[in-house]
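Below: the structure, in structure tokens.
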Amino acid sequence: MAHLTTNPADKERFMCIYPAYINSKKTIAEGRRIAAEKAVENPSCAEIRDVLTAAGLNVLVENKMYPREWNRDVQFRGRVRIQLKLEDGSLCHEKFASRKDVMFYVAEMIPKLKSRTQKSGGAEAGAQQGEGGKKAKKKKK
């Protein structure tokens, strides 16, 4: 279907990012669009939105499903739309010249989010406590 407008500032013309595009757990066939080494494990639409809003981009979140996503859970729902160009066709931000630039930036910044660093910190502490418990059992025997 042809676009109804050619104005790059219209919401219909914003670039779309589904979380599957930057998910390291997905294969290329399942929708990943960047290298697995640079991708993030199970990103959410909220995380993508937070990163891009902090970068100063105009962001919209839509309640849409990625067509190749077989899991229908709420966790995997969502599509993020990003304005890359202004009305005159010039870029909103010079560092985001293409879709790939946006995806690489998001994949780089999501692991640095507070929600991600706090979760991983808690998991590490739990793992250390578990190992300590195992050692104590060995000493008792």
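These values consider heavy atoms only, across backbone and side chains, with no hydrogens, waters or symmetry-generated copies.
For the pair P111 and V40, the tightest heavy-atom approach, listed with the atom from each and the gap, is CD-CG2, 4.3 Å. The nearest pair of heavy atoms linking P19 to S44 is CG-C, 4.3 Å. Residues K38 and A107 share a closest heavy-atom pair of O-CB, 3.1 Å. The two residues V51 and Y105 have their closest heavy-atom pair at CG1-CE2, 3.7 Å. The minimum heavy-atom distance linking Q83 with L86 is given by the pair NE2-CA, 4.1 Å. Of all the heavy atoms in L57 and H93, the pair that sits closest is CD2-CD2, 3.3 Å.
Listed by chain and residue number, E108 satisfy the salt bridge (charged side-chain N to carboxylate O under 4.0 Å, His left out) test with K112 (two or more places apart in sequence, or in another chain). Applying the side chain to side chain donor-acceptor pair (under 3.5 Å) criterion to R77, with sequence neighbours excluded, gives N63. Remark: E62 engages R79, R81 in a side chain to side chain donor-acceptor pair (under 3.5 Å) (not counting sequence neighbours).
Between I17 atom CD1 and I82 atom CD1 the span is 3.5 Å, to the nearest 0.5 Å. Note that OG of S98 and CE of M103 are 8.0 Å apart. Values are rounded to the nearest 0.5 Å. For the atom pair S90 OG and K85 NZ, the distance stands at 9.5 Å (nearest 0.5 Å).
Identified under the ring pair (Phe, Tyr, Trp, His ring centres under 6.0 Å) test for residues 29-60, with sequence neighbours left out: none. Sorted by first then second residue, the ring pair (Phe, Tyr, Trp, His ring centres under 6.0 Å) pairs that include residues 38-60, not counting sequence neighbours, number zero. Screening residues 34-68 for ring pair (Phe, Tyr, Trp, His ring centres under 6.0 Å) gives Y18-Y66, Y21-Y66 as the qualifying pairs, with residues at least two apart or on separate chains.
The backbone N or O of E41 lies less than 3.5 Å from no partner atom in the side chain of N23, so there is not a single donor-acceptor pair. Listed for the T53 side chain is no donor-acceptor partner under 3.5 Å among the backbone atoms of D50.
Between R99 and V102 there is no side-chain heavy-atom pair separated by less than 4.5 Å.
A salt bridge links E69 with K26: the closest approach of a Lys/Arg side-chain nitrogen to an acidic carboxylate oxygen falls below 4.0 angstrom.
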